[in-house]
Amino acid sequence: MDHRQHLEKLAVSIAHEIRNPLTTIKGFIQLLKPDLKEIGKEYYADVMIEEVDRVNQIINEFLNAGEPQHPLAQKTSLNKLIKDMAVLYEGEAILRDIRLSTSTVGDDVVLNIPTNQLKQVIVNLMKNAMEAIDNQHEREIYLSASVQNEFATIVIKDNGCGISEEARAMLYIPFFSTKEKGTGLGLSVCKEIIERLGGSIHVDSSQGKGTIFTISFPPTLIVNKL
């Protein structure tokens with residue numbers, strides 16, 4: 001067995017091992033759910049269970065990487081997505097002294113796209129935003145959903161260090177990174193995912209003035225009801 005085959009076998013073994021504690025974690029969350037319901041925090045349990053399921057799905061996709069992947073379209077509520085992300089990052093925002101504000105659509109917008117893939121992009125952009133504002137005196141992130149010119153739109157805005165014009169031109173190139181320890185894979189993968197889902201992603205930023213990422217989906221992907 002050569003070095004590469006050994007690493008592949010090790011990676012598969014680790015992926016299988018990760019499933020065991022995930023099953024335990026999900027079980028305990030389900031046991032705690034009635035107690036959380038009593039204090040009005042049942043939604044926390046729902047989000048945690050969804051996140052565990054999302055990790056399991058990522059593991060399944062990794063283990064079946066050699067097989068063609070055809071994610072099933074789902075009805076994805078933008079308002080629920082924004083609410084889930086707010087709950088998911090509430091604790092980290094408090095620990096980092098970040099003011100995290102959100103805004104949802106008056107009449108909810110439902111998209112016919114895979115929920116987990118869109119979540120993967122939002123999680124990556126939220127992580128980037130939190131890293132960008134680490135050295136700011138006042139830290140703010142704004143996450144919103146809206147309809148603009150009939151397009152369903154998600155905005156992640158921060159008041160961080162911003163991105164130079166030169167860096168913006170290379171932002172979606174694989175392995176390019178403005179971070180000392182970054183892999184550079186994140187934004188190129190985000191762009192690929194959003195375009196595969198039928199949408200587009202745009203960045204507006206300048207050094208010292210923060211960054212705005214805008215994700216848009218055309219009216220053809222909007223459905224009326226969940």
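Source: prediction; values computed, not measured.
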Chemist: Checking Q148 against S146: is there a side-chain donor and acceptor pair closer than 3.5 Å?
Modeler: yes

Chemist: Using the side-chain contact (heavy atoms from CB on, under 4.5 Å) rule, take V155 and F213 through it: C-alpha gap first, then chi angles, then the decisive distance, then the call.
Modeler: CA-CA 6 Å; V155 169; F213 276 97; over 6 Å; no

Chemist: With a 4.5 Å limit on heavy-atom distance, are the side chains of I133 and I141 in contact?
Modeler: yes

Chemist: Same cluster or not: V203 versus L187, using hydrophobic residues (I, L, V, M, F, W, Y) connected whenever any side-chain heavy atoms lie under 4.5 Å apart?
Modeler: yes

Chemist: Do you know the tightest heavy-atom contact between S216 and T153?
Modeler: OG-OG1, 3.8 Å

Chemist: Take L22 and V55, measure what side-chain contact (heavy atoms from CB on, under 4.5 Å) needs, and give me the verdict at the end.
Modeler: CA-CA 8 Å; L22 284 177; V55 174; 3.5 Å; yes

Chemist: Quick one: are L111 and K75 in side-chain contact, heavy atoms under 4.5 Å?
Modeler: no

Chemist: Roughly how far, to the nearest 0.5 Å, is the NZ atom of K80 from the CD1 atom of I82?
Modeler: 12.0 Å

Chemist: Could you give the distance from CG (L81) to CG (N79), rounded to the nearest 0.5 Å?
Modeler: 9.5 Å

Chemist: Is a side-chain donor-acceptor pair under 3.5 Å present for S144 with S103?
Modeler: no

Chemist: To the closest 0.5 Å, what do you measure between CD1 (I154) and CD1 (I122)?
Modeler: 4.5 Å

Chemist: To check you understand the geometry: which heavy-atom pair defines the closest contact between I194 and S200, and what is its length?
Modeler: CG2-N, 3.4 Å

Chemist: Would you say I14 and I18 make side-chain contact, with heavy atoms under 4.5 Å?
Modeler: yes

Chemist: Could you check whether K157 pairs with E140 (Lys NZ or Arg NE/NH1/NH2 to Asp/Glu carboxylate O, under 4.0 Å)?
Modeler: no

Chemist: Using distance only, find each side-chain donor-acceptor pair of residues 85-96 under 3.5 Å and give its atom names and separation, not counting sequence neighbours.
Modeler:
{"unit_1": "Y89", "atom_1": "OH", "unit_2": "V123", "atom_2": "O", "d": "3.2"}
{"unit_1": "E90", "atom_1": "OE1", "unit_2": "Y44", "atom_2": "OH", "d": "2.6"}
{"unit_1": "E90", "atom_1": "OE2", "unit_2": "Y44", "atom_2": "OH", "d": "3.2"}
{"unit_1": "E92", "atom_1": "OE2", "unit_2": "R96", "atom_2": "NE", "d": "3.3"}
{"unit_1": "E92", "atom_1": "OE2", "unit_2": "R96", "atom_2": "NH2", "d": "3.2"}
{"unit_1": "R96", "atom_1": "NH1", "unit_2": "M130", "atom_2": "O", "d": "3.3"}
{"unit_1": "R96", "atom_1": "NH1", "unit_2": "D134", "atom_2": "OD1", "d": "3.3"}

Chemist: Under 4.5 Å between side-chain heavy atoms, counting indirect links through other Ile/Leu/Val/Met/Phe/Trp/Tyr residues: same cluster for L221 and V105 or not?
Modeler: yes

Chemist: Atom CG of L78 and atom CD1 of I222: how far apart are they, to the nearest 0.5 Å?
Modeler: 8.0 Å

Chemist: Can you name the side-chain hydrogen bond (donor to acceptor under 3.5 Å, both in side chains) partners of N159, sequence neighbours left out?
Modeler: none

Chemist: Is there side-chain contact between K191 and V121, with heavy atoms separated by less than 4.5 Å?
Modeler: no

Chemist: Taking only residues two or more places apart in sequence or in another chain, which ones pass side-chain hydrogen bond (donor to acceptor under 3.5 Å, both in side chains) with E138?
Modeler: none

Chemist: What closest approach, in Å, do Q74 and N116 show between heavy atoms, and which atom pair accounts for it?
Modeler: OE1-N, 4.2 Å

Chemist: Looking at Q120 and R54, what are the two nearest heavy atoms and their distance?
Modeler: CA-NH1, 3.9 Å

Chemist: Between E131 and K127, does any NZ, NE, NH1 or NH2 come within less than 4.0 Å of an OD or OE carboxylate oxygen?
Modeler: yes

Chemist: Exactly one of K33, K83, K26 should register a salt bridge (charged side-chain N to carboxylate O under 4.0 Å, His left out) with D46. Which one does?
Modeler: K33

Chemist: Considering non-hydrogen atoms only, spot the tightest contact between G210 and S205 and give its length.
Modeler: O-OG, 3.0 Å

Chemist: Check whether any side-chain heavy atom of K119 sits under 4.5 Å from a side-chain heavy atom of E50, and report yes or no.
Modeler: yes

Chemist: With the side chain counted from C-beta on, respond yes when I215 and F151 share a heavy-atom pair under 4.5 Å apart, and no when they do not.
Modeler: no

Chemist: For the side chain to side chain contact (heavy atoms under 4.5 Å, CB included) test, which of I212, T211, L143, I98 pairs with D158?
Modeler: T211

Chemist: Find the distance between CG (N124) and CD1 (I156) and round it off to the nearest 0.5 Å.
Modeler: 10.0 Å

Chemist: Taking atom types as modelled, is there a side-chain donor on D84 or Y43 under 3.5 Å from an acceptor on the other?
Modeler: yes

Chemist: Is V52 reachable from I49 through a run of I, L, V, M, F, W or Y residues, each pair having side-chain heavy atoms under 4.5 Å apart?
Modeler: yes

Chemist: Could you check whether any side-chain heavy atom of D35 comes within less than 4.5 Å of a side-chain heavy atom of I39, counting everything from C-beta outward?
Modeler: no

Chemist: Would you compute the distance between atom OG1 of T76 and atom CD1 of I113 and round it to the nearest 0.5 angstrom?
Modeler: 5.0 Å

Chemist: With a 6.0 Å cut-off (strictly less than), is the heavy-atom count around CZ of F28, excluding the residue itself, greater than 12?
Modeler: no

Chemist: Give the minimum heavy-atom separation between G199 and P218, together with the two atoms involved.
Modeler: CA-CD, 4.4 Å

